[in-house]
Amino acid sequence: MKSKVNTAVFPVAGRGTRFLPATKAIPKEMLPIVDKPLIQYAVEEAVAAGATRLVFITHRSKGAIERHFQTNYELESILKDSGKEALLELLHETVPPGVRFYYVEQGEPLGLGHAVLCAKEVVGNEPFFVHLPDDLIRSDLGCLSELSEIYEETGASVIAVEPVPQERTSSYGVVDIDERSVLKQIVEKPDPKEAPSNLAVVGRYLLTPDIFDLLERTQRGAGGEIQLTDAIAELLPTQEITACRFSGIRYDCGNKYGYVTANLDLALEQEDIRAALQEHLKQL
Ligand code: UTP
C-alpha cells in the first residue's frame with residue numbers, strides 16, 4: 001500500500017502581473033470567483049483529496065492569504081450579536097476541520113520550480129500535491145483526487161494534462177506520452193512548431209520527494225526562471241510518470257478571459273442570481 005498523500009503545496013508567491021492593477025495590493029489568489037477567493041477553492045480541492053497539511057509558498061506582500069485562514073474574532077462577534085448565524089457558519093467553513101497551515105516565504109519569485117523547492121523541509125520524505133490556485137478545475141471527482149487514485153496504483157508521480165490548441169503550446173509545459181499515458185518527454189513552453197504534442201501540463205501535480213534533489217540542481221530555464229518542468233524532465237529516466245487527463249472543466253484564472261468565464265459559469269450555478277443573470281445575458 002502506497003503512503004497516502006497528506007501534504008498539499010500551494011505556490012502563491014508570483015507577482016500576478018497580468019491582473020494589475022487589481023493585484024497591486026491584493027494577491028491574485030485572493031481574487032474572488034463570485035464570492036469565494038481562488039485560494040479557498042484550492043484548499044477545498046486539496047482537503048477533499050485527503051490533504052491535512054497545507055503549505056503555502058508565499059511572499060511578504062501576500063499577507064491577505066494568511067489572514068483569510070485566521071479567525072476574525074471582531075467580525076465573528078458582530079455576526080453573532082446580530083444573529084447572522086448563516087454568515088458565521090460561512091466564516092467557520094473557510095477553515096476545514098483537522099488541517100494545519102504552514103507558510104514558507106519565497107524571498108523572490110524565481111520560478112515555480114524554486115517555489116516548490118522552498119517546501120522541501122516542510123514536506124519531508126513524503127509524496128505531495130502541488131496545486132496552482134489560478135487554475136480552477138470544476139469536476140465532480142476533484143482533480144487532485146484523480147491524481148491520488150493513479151498514484152495508489154503506480155507509486156510514482158502523476159501530472160494533470162489537457163489538450164490545448166497547438167498555437168498555445170508556447171504558454172505551457174507540454175508532454176509526449178505513450179499508450180499507457182506514461183511520459184516520454186516534457187518540455188517547457190515549446191514553440192508550436194517543435195511541440196511534441198498539444199497536451200499541456202496544468203496546475204496540478206502529485207510528486208514524489210526525489211524531485212527536491214533534482215530541483216536543487218536545476219538551472220534557470222525558460223524566462224530565466226527555475227522551472228518545475230525541467231526537474232520533472234530530469235526525473236523521467238528514473239521514474240514512470242503518468243499524465244492524467246482529468247475530468248471536468250479548467251478555467252485559467254491567471255488570465256482575464258478564464259477569470260471572467262469562471263465567474264460567469266459559477267454565477268449561473270447560484271440559485272439566487274441565476275435567473276436575473278440569464279435575463280441580463282439575453283439582453284446582451
Ligand atoms: P504564474 O506565472 O501563472 O503566476 O505562476 P504569476 O507569475 O503570479 O502571474 P503573472 O504571469 O505575473 O500574471 C503560476 C503559479 O506559481 C506561483 C504563482 O503565484 C502562481 O500561483 N509562483 C510563480 C510562485 O509561487 N513563485 C514563483 O516564483 C513563480
Side-chain angles (χ1 to χ4, degrees), residues 7-33 37-46 54-66 68-69 101-123 128-137 143-144 159-162 164 168-174 186 188-189 200-205 207 211-212 215-216 218-232 250-260 262:
T7 306
V9 174
F10 304 96
V12 294
R15 294 197 172 98
T17 51
R18 283 170 290 168
F19 267 96
L20 283 169
T23 47
K24 189 176 167 206
I26 294 169
K28 172 170 76 174
E29 298 78 10
M30 285 302 295
L31 293 177
I33 303 298
L38 280 166
I39 196 69
Q40 183 76 44
Y41 291 95
V43 161
E44 286 172 9
E45 183 185 326
L54 309 179
V55 185
F56 299 82
I57 309 304
T58 185
H59 182 262
R60 60 186 172 280
S61 61
K62 301 242 174 165
I65 294 175
E66 200 166 341
H68 178 73
F69 295 108
F101 292 81
Y102 302 82
Y103 297 91
V104 180
E105 180 107 353
Q106 185 189 19
E108 238 192 300
L110 297 177
L112 180 58
H114 181 257
V116 171
L117 182 57
C118 291
K120 181 179 173 179
E121 271 76 34
V122 186
V123 169
F128 62 102
F129 297 120
V130 175
H131 184 302
L132 306 189
D134 52 0
D135 264 338
L136 175 66
I137 298 177
C143 187
L144 290 182
I159 58 181
V161 299
E162 77 172 8
V164 297
R168 299 275 301 129
T169 53
S170 54
S171 302
Y172 292 93
V174 174
I186 180 167
E188 184 63 22
K189 301 191 171 65
V201 178
V202 307
R204 302 290 186 277
Y205 308 74
L207 298 170
I211 196 74
F212 291 124
L215 279 170
E216 266 164 357
T218 303
Q219 304 292 315
R220 288 176 187 239
E225 296 192 332
I226 297 174
Q227 298 288 354
L228 181 58
T229 304
D230 293 344
I232 293 174
R250 178 183 72 103
Y251 300 94
D252 180 357
C253 296
N255 73 55
K256 292 174 207 174
Y257 174 78
Y259 179 73
V260 172

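First listed ligand is number 1; within each ligand, the first listed atom is number 1.
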- With the threshold set at 4.0 Å, does a side-chain nitrogen-carboxylate oxygen contact exist between Glu225 and Arg220? no
- Task: Using only heavy-atom distances, determine whether the side chains of Gln106 and His114 contain a donor-acceptor pair under 3.5 Å.
- Result: yes
- Task: Identify which of Gly14, Pro133, Gly113, Ala42 has a heavy atom lying nearest to atom 22 (N) of ligand 1.
- Result: Gly14
- Nearest heavy atom to atom 27 (C) of ligand 1 wins, so pick from Gly111, Ala13, Cys118, Ser171. Gly111
- Task: Out of Asp252, Ile226, Leu132, Thr23, indicate the one that has the non-hydrogen atom closest to atom 14 (C) of ligand 1.
- Result: Leu132
- Qualifying residue, where the test is side chain to side chain contact (heavy atoms under 4.5 Å, CB included) with His131 and the options are Leu144, Ile39, Val43: Leu144
- ligand 1 to Ala115 polar contact by distance, N or O atoms, under 3.5 Å: no
- Can you tell me the protein heavy atom closest to atom 7 (O) of ligand 1 and the distance? Arg15 N, 3.8 Å
- Message: Which of the numbered atoms in ligand 1 are under 4.0 angstrom from any heavy atom belonging to Gln106?
- Response: 24 (C), 25 (O), 26 (N), 27 (C), 28 (O)
- Task: Give me the ring orientation class for Tyr259 and Phe19: parallel if the planes are under 30° apart, tilted from 30 to 60°, perpendicular past 60°.
- Result: perpendicular
- Item | Heavy-atom protein neighbour under 4.0 angstrom from atom 5 (O) of ligand 1 | no
- So which protein heavy atom does atom 20 (C) of ligand 1 come closest to, and at what separation? Pro11 O, 3.8 Å
- Please confirm whether the backbone N or O of Arg18 pairs with a side-chain atom of Lys28, one donor and one acceptor, at under 3.5 Å? no
- Minimum non-hydrogen distance to atom 16 (O) of ligand 1, winning option of Leu112, Asn255, Val130: Leu112
- Task: Please write down residue, atom name and distance for the protein heavy atom closest to atom 12 (O) of ligand 1.
- Result: Thr17 OG1, 2.6 Å
- Quick one: does Lys62 get an N or O within less than 3.5 Å of an N or O on ligand 1? no
- Message: Could you check, using the six-membered ring where one of them is a Trp, whether Tyr205 and Phe128 have ring centers closer than 6.0 angstrom?
- Response: no
